[in-house]
2 protein chains.
Amino acid sequence: MGRRSDHSREELRALIVAEGHRQMAEVGFAKFSAREVAKAIGYSIGTIYNVFGSYDQLILAINGETLDRWLADLEAHLEGREQDRLRAAIDAYFDFALGQRNAWTALYDFRLPENEIMPEDYRIKVTAITEVVVREIRSELPPKHVAQAPALARSLLATVHGHCYFALNGTFALLGEQNPLAAALDRVDDALARFRS
Amino acid sequence: MGRRSDHSREELRALIVAEGHRQMAEVGFAKFSAREVAKAIGYSIGTIYNVFGSYDQLILAINGETLDRWLADLEAHLEGREQDRLRAAIDAYFDFALGQRNAWTALYDFRLPENEIMPEDYRIKVTAITEVVVREIRSELPPKHVAQAPALARSLLATVHGHCYFALNGTFALLGEQNPLAAALDRVDDALARFRS
DNA sequence: TATTTTAATTGAACAGTGATCAATATCATG
DNA sequence: CATGATATTGATCACTGTTCAATTAAAATA
């Protein structure tokens with residue numbers, strides 16, 4: 001076959017990413033297959049490679065989709081909220097990770113080969129999520145410490161990530177931790193307390 | 001061929017784990033191959049499956065070896081130290097993860113299938129590492145709060161893990177964090193401060 | 001409209017993987 | 001020596017990511 005009128009290049013790309021994300025969420029990173037995605041949308045494996053160039057770039061696009069949804073979810077949970085916004089953001093973080101287990105985990109299961117560089121638009125997506133946290137932390141910080149917000153946000157993001165990861169991968173269950181979210185919130189409080197004294 | 005006099009079953013298992021760990025450290029989880037391990041020790045792929053039953057069980061054994069070395073490394077760094085033991089433990093945590101990148105990362109790249117259960121000896125190894133942290137945190141806590149040590153240890157383990165993970169996977173570099181270890185130590189201090197007031 | 005050019009799509013082919021298991025080789029024992 | 005038990009093999013299977021000459025269809029041109 002040749003050119004098809006039913007999909008522009010851009011639409012085809014979007015179609016693959018949408019179906020790819022769906023399958024990633026369903027079967028997880030380890031069992032994900034580019035061939036299955038092609039089959040599901042009625043194209044051949046070759047087309048996937050024409051559009052994305054490699055398996056890694058396909059995964060990157062799918063993970064980018066996950067980041068988009070994550071950011072949208074985060075903003076939806078914050079919209080219109082007046083109090084406890086940071087807490088709401090962390091709640092949403094956990095909810096998203098638990099609810100989108102496979103897609104969220106794929107974000108970390110995938111590692112770009114040493115030589116290749118991360119696409120700019122992927123960096124932007126990660127930064128955008130971080131910016132939300134920076135903003136919320138800035139508003140919880142006393143004026144004199146506002147400049148510390150970016151550094152603190154990075155560190156608390158790592159803190160929450162660690163708790164969330166251990167909740168998902170079974171480490172916390174193994175160690176008898178019943179309430180990972182509460183533990184994470186405690187650590188965030190502890191960090192903020194440093195700047196309130 | 002049949003029985004070989006040069007290796008008992010136990011020795012063969014140990015040989016596979018040792019070579020497997022070596023290759024895991026060299027090529028990483030994604031490029032790891034059971035066939036390559038078999039080739040390196042002069043056995044066939046079938047023998048690997050006779051000894052371990054499945055790929056997952058082989059990985060579990062190799063990750064178990066990594067946990068053994070991690071615990072030994074941790075204890076070596078604490079041995080004889082009188083002051084700043086918790087700090088030394090966290091230093092060692094980072095050093096090990098950075099120095100054994102591939103092996104350490106494989107600990108988290110691998111996820112046991114939903115149905116299968118984690119072998120008891122693997123649980124024990126994870127617990128043993130945790131116990132070291134519990135012990136060090138207990139000694140930093142005021143007597144009245146000593147009972148909180150296990151819960152706090154779990155949470156700080158997650159905190160340090162998050163920082164270490166972001167340091168290794170490039171997230172911190174992307175966000176401009178220059179000193180992940182220092183950030184982790186700050187968060188640990190913040191948590192301990194809660195129990196000192 | 002007929003022809004040529006351009007671009008999209010295919011899928012067989014390749015090298016690699018985890019997994020299986022009948023056949024084989026070796027050892028220990030009677 | 002013969003027999004039974006056990007360890008080891010490697011061809012075979014179904015799958016994977018990847019490539020790319022061949023094919024098809026649309027668009028541009030004559």
Side-chain angles (χ1 to χ4, degrees), chain A residues 1-17 19-21 23-24 26-63 102 106 109-116, chain B residues 1-17 19-21 23-24 26-63 102 106 109-116:
Chain A
M1 307 180 195
R3 218 172 284 186
R4 281 191 193 173
S5 57
D6 51 346
H7 293 303
S8 76
R9 211 61 184 170
E10 213 65 27
E11 285 169 344
L12 179 53
R13 201 189 151 91
L15 181 63
I16 296 171
V17 169
E19 176 59 24
H21 184 274
Q23 293 198 16
M24 183 65 84
E26 188 176 320
V27 306
F29 184 80
K31 292 182 182 167
F32 181 85
S33 152
R35 265 191 177 78
E36 289 300 317
V37 174
K39 194 184 298 177
I41 60 172
Y43 277 83
S44 83
I45 177 66
T47 295
I48 301 273
Y49 276 81
N50 288 340
V51 174
F52 289 95
S54 75
Y55 186 77
D56 287 0
Q57 291 301 316
L58 169 61
I59 300 294
L60 227 31
I62 289 170
N63 281 352
N102 286 334
D109 285 335
F110 174 72
R111 238 171 316 283
L112 207 58
E114 209 65 43
N115 41 19
E116 295 194 42
Chain B
M1 307 181 193
R3 217 173 285 185
R4 283 191 192 174
S5 57
D6 48 348
H7 294 302
S8 77
R9 211 59 183 170
E10 214 63 29
E11 286 169 342
L12 179 52
R13 203 190 150 89
L15 180 63
I16 295 171
V17 169
E19 176 59 23
H21 184 273
Q23 293 197 16
M24 182 65 83
E26 189 175 321
V27 306
F29 184 79
K31 292 182 181 165
F32 181 85
S33 152
R35 266 191 176 77
E36 288 302 317
V37 174
K39 195 184 297 178
I41 61 172
Y43 277 83
S44 82
I45 178 63
T47 296
I48 302 273
Y49 277 82
N50 288 339
V51 175
F52 290 94
S54 74
Y55 187 76
D56 287 0
Q57 291 300 317
L58 169 62
I59 300 295
L60 227 30
I62 289 170
N63 281 351
N102 286 335
D109 285 335
F110 174 72
R111 237 170 316 284
L112 205 59
E114 210 64 42
N115 41 20
E116 294 195 41

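Within every chain, numbering begins at 1; the chains are lettered A, B, ... in the order of the sequence lines, protein sequences first and strands thereafter. Bear in mind that the values here come from a model prediction, so they are computed numbers and not experimental data.
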Could you state the [atom1]-[atom2] distance from [X] to [N], rounded to the nearest angstrom?
X        : N       : atom1 : atom2 : value
Leu12(B) : dT6(D)  : CG    : P     : 16 Å
Arg9(A)  : dA26(D) : CZ    : P     : 15 Å
Tyr43(B) : dA25(C) : OH    : C1'   : 13 Å
Lys39(B) : dA15(C) : NZ    : P     : 14 Å
Ile16(A) : dA8(C)  : CD1   : P     : 13 Å
Tyr55(A) : dA15(C) : OH    : C1'   : 17 Å
Asn50(B) : dG10(D) : CG    : P     : 13 Å

Ignoring hydrogens and angles, tell me if any N or O in the side chain of [X] forms a donor-acceptor pair with the backbone of [Y] under 3.5 Å.
X         : Y         : answer
Glu116(B) : Pro113(B) : no
Asn63(B)  : Ala106(B) : yes
Gln23(B)  : Glu36(B)  : yes
Glu19(A)  : Ala40(A)  : no

* Using heavy atoms to find the nearest nucleotide of DNA chain D for Ile45(A) and Gly42(B) separately, return the residue whose nucleotide is more 5′. => Gly42(B)

* Structure fact -> 5'-most contact on DNA chain D (nearest-nucleotide basis), Gly46(B) vs Ser54(A), goes to Gly46(B)

* Is there a side-chain contact between Tyr55(B) and Phe110(B) (heavy atoms, below 4.5 Å)? -> no

* Asked: What parts of residues 29-38 of chain B reach DNA chain C, counting only heavy atoms under 4.0 Å away?
  -> Phe32(B), Ser33(B), Ala34(B), Arg35(B)

* Does a sphere of radius 6.0 Å around CD in Glu11(B) hold more than 12 heavy atoms from other residues, nucleotides or ligands, not counting ones at 6.0 Å or beyond? -> yes

* To do: Assign Tyr49(B) to base, sugar-phosphate, or nothing according to its heavy-atom contacts below 4.0 angstrom with the strands shown.
  => base

